[in-house]
Structure formats: C-alpha cells, structure tokens
Amino acid sequence: MKNKFYITTAIAYVNAKAHMGHALEYVLTDTLARYHRLKGDETFFLTGTDEHGVKIFNTATKANIDPQAFVDANAKAFMDLKGLLDLSYDDFIRTTDRKRHWPACQKMWKKLVEADDIYEKEYEGLYCEGCEMFMQPRDLENGQCPIHHKAPTVIREKNYFFRLSKYSAKILELIESDTLKIVPEQRKHEILGIVREGLNDVSFSRPREVLPWGVEVPGDPSQVMYVWCDALTNYISALGYTEESATFKKFWPADLHVIGKDIVRFHAGIWIGMLLSAKVKLPKSILVHGFVTHEGQKMSKSLGNVVDPVELVNRFGTDALRFYFLREIPNGRDGDYTEKLFIERYNSDLAHNLGNLANRVHNLVNKNQILDFEFKTGSEAYRQKVDETWKLYEESMDSHNVHEAVSHVWKLVDFANKNIDLEKPWSLIKTDPDKARSVLCNLLEVIRHISLMVEPFIPQSSGKLRLMLGLPPVASFADEREWGSVTQWHNVGKGVILFPLIEPPKLEAK
RNA sequence: CGCGGGGUAGAGCAGUUGGCAGCUCGUCGGGCUCAUAACCCGGAGGUCAUUGGUUCGAAUCCAAUCCCCGCAACCA
C-alpha cells in the first residue's frame with residue numbers, strides 16, 4: 001500500500017522578481033517532496049503564481065504593457081527557478097489560467113453561495129489615491145496619509161462578503177486538536193491567539209471598475225473576485241477540482257501547505273473556512289517558515305540590502321544555496337543571511353567535512369589498487385551508527401524538520417571522519433591489507449548512506465557522490481536503506497573535488 | 001495590563017517528567033600526513049537577563065521586574 005503525499009508552496013505574487021524568501025520556501029518544499037518520493041510515497045508537488053490584482057494591473061498599464069503579457073514575462077522568471085534551484089515540482093499553476101484555474105474559482109464561489117455564506121454589503125472605507133489602497137483610521141496621522149500627506153477620500157462600494165465568522169469556532173477547535181496541524185508549535189500559538197478573538201467576515205469581491213484584473217464573480221459581471229477566493233483556490237484548481245478529476249480525488253486533501261509566517265492567518269483562517277463552507281476536505285498540516293534577513297536586518301528595497309538568490313546560485317552553485325537554507329535556518333524561525341556565514345558553512349560542512357571525506361576515502365581505495373572487492377558483514381559499530389542516524393533522520397523529516405535532519409546527517413559525516421583517523425587505513429595498507437580493505441569498505445558504505453540521505457537536500461551533489469561510488473543515482477530508499485545492501489564495490493571512482501573551496505572575500509571588498 | 005515569541009561562552013543556537021551547563025563556528029595548544037593548508041584530540045571562555053520563592057537540588061517549576069523581536073485584514 002502506497003501512501004500519497006500532496007505538498008504545496010504558496011503561489012508567488014508576480015509584480016516583482018523572486019527574492020530569498022521565495023527561494024527558501026521552494027527549496028524547503030522541494031526537499032520534503034524529494035524525501036517523500038524516495039520514501040516511496042506517491043508524491044505531488046505544486047507551486048505557481050498569483051497574477052491578479054490592482055497592483056499588477058496598474059504596474060502593467062503604467063508601463064504601457066498588456067497585463068497578460070506583463071504577467072507572462074514575470075511568471076516565466078519564476079518558472080526558470082526550476083532549473084536554477086533544482087526544483088522537482090510536478091505542476092505549476094497560474095491564476096490567469098482560464099481553463100484550469102478560473103472554473104475552479106467560480107465553482108468554489110458557487111459552493112459558498114449555496115451554503116449561504118456569501119452576502120452583499122455596502123463597504124465604506126478611507127481610500128488613499130497615492131497608496132491606491134484602503135487605509136485604517138489608526139494608520140492615519142492627523143487624518144492624513146502618513147506617506148502622501150493627503151486626506152484619504154471616503155469611498156463607498158458594493159462588495160460581496162464571505163461569512164467567515166460562522167466558522168470561527170470550528171476552526172479554533174480544528175487547530176487546537178491538531179486536526180489541522182500547524183508547525184512549528186510557536187506558530188500554532190500565534191494563530192490560536194488570533195482565532196480565539198473571533199474571525200470576522202471578509203470582503204470577497206470588488207467592483208470591476210476598481211479591480212479590473214481578476215476572475216469574474218459568477219452571476220454578477222460587475223464584480224471581480226478579491227484575492228482570497230482566487231488565490232487560495234489554486235491548491236485545488238491545479239488538481240482538477242472543477243471536474244473532480246482522478247488526480248483531485250487521489251491527492252486532495254493536501255498533506256502539507258508550506259507557507260511564510262505572514263500568511264498563516266489566511267491559510268489557517270480563510271482557506272479553512274472556505275473549504276468548510278464548500279464541503280471540501282481539509283488540508284492536514286501547515287508548515288510555517290520565517291523570513292530571511294540580511295546581516296540581521298530586514299531585506300527591503302528602501303534599505304538597498306536585498307540579496308538576489310539567482311545571483312547567489314550563479315556565484316556559488318545551486319547546492320550551496322540549498323544547503324545554506326536547510327542547514328542554517330531553523331524550522332519556522334527567521335534566518336539570517338550573511339556572505340561570511342554562507343562561505344563559512346559551505347567551506348566547513350560541504351568542502352571540508354563531506355567533500356574531503358569522500359575524496360580521501362576514494363583516493364585511498366584507488367591508490368592502493370583495491371578497487372574490486374566484496375563487502376562482507378562490516379563493522380557493528382558503523383552499522384549501529386548508520387541505523388541510528390536513519391532513525392533520527394526519518395523522525396526529523398517526517399515531522400518536517402529539515403534543519404534537524406541535516407544536522408543528524410552531518411553527525412554521521414563527523415563520525416566517519418573521526419573513525420578514518422582512528423583506524424588509519426593508510427598505514428594498515430602496509431601492515432594488514434585485509435584489515436585496511438575492511439575499514440575502507442565500512443567507510444564507503446557510510447558514504448553510500450550519506451549519498452542517500454542528502455539527495456533531498458543537495459540532489460546534484462548526491463549524484464556526483466554516487467558517481468564516485470560507482471553507483472547509479474538514488475532511486476528509492478527502500479532498495480538501499482539496509483546496512484550492507486550493496487555488496488559489490490566494482491566501480492569505485494577516483495576521488496574528485498565535490499565542493500571546491502570558496503575564497504573568503506577580501507577585506508577591502510566590503 | 002492587546003496577542004505571541006525570546007533573553008544560555010566572542011558569534012549563532014540546543015537544552016521541560018528539575019539532578020555535575022552542551023553543540024557549531026571562531027580562538028589557543030597538540031596529533032596525523034590518506035585528503036580540498038583539509039582531518040583528529042585537548043584547553044581557554046558562561047554569576048544560564050534581574051530579584052525573590054518552592055526544593056536535598058532550578059537554565060528547567062512559581063511570582064515579580066527589565067530588555068529585545070514579531071503580529072494586530074491583504075509584502076514569502
């Protein structure tokens with residue numbers, strides 16, 4: 001019996017290019033998807049783009065570009081990340097997809113109407129023309145917009161509202177009981193606090209004059225769906241919610257939504273409310289990640305300290321960036337990026353610990369012409385360490401704690417480095433070749449296990465490692481998870497430099 | 001008294017059924033020489049924010065205080 005695993009990222013708003021936060025989310029999600037695939041779960045990994053809204057419409061028209069052409073170009077930049085970050089998603093959904101996405105949104109809307117959860121309301125708000133958005137009275141300074149120093153105008157408009165308040169108590173219960181699991185725990189507390197105060201009904205549509213770029217409300221061409229019913233529905237529209245396709249039936253509900261800490265309330269609140277109302281099954285859990293700061297500061301255009309993930313990949317490579325995110329950023333918390341730390345982590349963990357380990361073992365095997373040998377039983381101590389690592393690794397990965405899983409694997413790398421030093425195969429070669437052979441076998445075997453465990457983190461490097469070992473790429477854990485499951489070492493390659501050292505930046509560069 | 005998170009070695013962090021304070025990086029000393037000036041071993045470095053309490057014993061439980069950071073309707 002095969003388990004299924006459906007995992008999603010949030011869809012990216014395409015009015016700007018991808019930043020570190022997107023990259024972090026994609027890498028984290030990709031790693032979990034890869035893990036589940038190797039584990040044998042039938043896995044579906046979805047990502048996509050959010051392409052509607054006033055902001056995008058205005059940016060495009062100001063630049064004299066057709067909105068669709070504008071989002072096409074921007075969405076492409078996000079799709080290009082697949083290669084750059086080595087992402088393994090199965091599908092990419094765009095909210096401007098009129099064939100797949102729009103009908104699903106409209107079906108969702110109709111379901112909400114059927115449940116009597118959509119009602120019409122005259123909305124009155126303070127609108128700042130400069131900001132092009134509604135403002136809350138508490139945001140104003142002396143009745144004026146603090147940015148544009150102009151009094152906002154009072155605008156009245158017709159909106160459809162979604163009766164989210166009706167589901168407030170139910171949602172609270174779902175989160176408290178972990179029926180909808182929110183990890184890490186810290187984020188669960190945060191959202192519980194918000195839900196306990198009671199969720200309010202939310203505006204679900206706006207007049208077409210103010211929101212011309214979006215999905216039409218069924219039965220009322222004068223109204224366009226506001227972001228919620230449009231964007232959140234992507235998680236099911238891509239699977240084929242509209243026609244209740246086989247894919248939809250197989251993969252929904254989602255096993256895991258991976259999102260940033262700023263949108264927890266929408267996923268744990270509005271999205272769940274919508275599904276309850278439409279009588280669609282609920283996602284099982286939500287994994288919340290933090291933001292990426294730069295030298296301890298929030299990245300922002302105004303501070304001019306934005307780090308471009310694409311540039312980092314070009315400079316240091318895909319796996320270097322993937323590894324940094326996974327190794328350095330603890331579950332759910334904000335992570336800091338500094339170039340110094342990035343290079344340090346890479347040089348120390350990847351180059352010196354893992355890369356050098358693989359290199360020295362392979363060179364010992366090659367130099368001493370013991371390329372072709374058979375693996376007997378191996379050392380009990382090594383076997384135990386590997387088994388123990390697998391257990392911890394799986395525990396961490398199964399609870400979506402990738403950061404912890406990485407650190408377990410690196411303890412195994414340390415173990416190997418320590419033992420090669422204790423057993424000194426380079427001198428055993430001269431005194432006791434058989435013993436040397438068996439030591440090297442144990443080490444190769446450990447490296448093989450490492451190549452399996454790191455595949456979800458750094459797939460390219462895992463592939464190179466396998467090539468060195470003379471083994472095919474990792475296909476699944478099941479085939480190779482046991483100690484000693486590879487018995488013949490015929491094609492052990494030469495030691496190559498897996499991770500070339502990165503020169504630390506010159507001081508004057510700063 | 002809005003809600004939530006946190007204050008542990010130079011930096012970044014672990015550490016709740018209370019029991020001699022740990023990890024990574026950096027730093028200092030030693031070892032090894034198979035390897036990417038890598039790897040291994042050892043040392044130095046902390047009044048665990050403050051104050052009081054419970055206890056044979058508290059980073060860990062309780063009370064109070066100080067400080068930092070998120071969130072409070074549409075920026076991952």
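Chain letters run A, B, ... following the sequence lines, proteins first and then strands; every chain starts at 1.
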Asks: Does the plane of the ring in Y89(A) sit parallel, tilted or perpendicular to the ring in F45(A)? Use 30° and 60° as the thresholds.
Replies: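 The rings of Y89(A) and F45(A) stand perpendicular, inter-plane angle above 60°.
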Asks: Could you list the protein-to-nucleotides 68-71 of chain B atom pairs, N/O on both sides, closer than 3.5 Å?
Replies:
residue : atom : partner : partner atom : Å
C71(B)  : O2'  : R265(A) : NH2          : 3.1

Asks: Please confirm whether H289(A) and F325(A) have ring centers closer than 6.0 angstrom.
Replies: no
Asks: Quick check on RNA chain B: between L354(A) and E344(A), whose nearest nucleotide comes earlier from the 5' end?
Replies: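 On the 5' side of the pair lies E344(A).
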Asks: Any stems for RNA chain B, made of 3 or more Watson-Crick or G-U pairs in a row, each with both distances under 3.5 Å?
Replies: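 The stems are B:2-7 with B:66-71, B:10-13 with B:22-25, B:27-31 with B:39-43, B:49-53 with B:61-65.
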Asks: Distance check: side-chain N/O of N15(A) vs OP1/OP2 of C75(B), anything under 4.0 Å?
Replies: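 The answer is no; no side-chain N or O of N15(A) sits under 4.0 Å from OP1 or OP2.
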Asks: If you define the side chain from C-beta out and look only at heavy atoms, does anything of V224(A) sit under 4.5 Å from P212(A)?
Replies: no
Asks: Just checking D349(A): base, sugar-phosphate only, or nothing, at a heavy-atom cut-off of under 4.0 Å?
Replies: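 No contact at all - D349(A) keeps every heavy atom at 4.0 Å or more from the nucleic acid.
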Asks: For D432(A) and C34(B), give me the distance from atom CG to atom P, rounded to whole Å.
Replies: 18 Å
Asks: Would you please indicate yes or no on a ring centroid separation below 6.0 angstrom for F342(A) and F316(A)?
Replies: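 Centroid separation for F316(A) and F342(A): below 6.0 Å.
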Asks: Indicate, yes or no, whether a donor-acceptor pair under 3.5 Å links the base of A76(B) to the side chain of H19(A).
Replies: yes
Asks: In this structure, is the centre-to-centre distance between the rings of Y382(A) and F415(A) below 6.0 Å?
Replies: yes
Asks: Does OP1 or OP2 of A35(B) have a side-chain N or O of K367(A) closer than 4.0 Å?
Replies: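 Checking K367(A) against A35(B): at least one side-chain N or O falls below 4.0 Å of OP1 or OP2.
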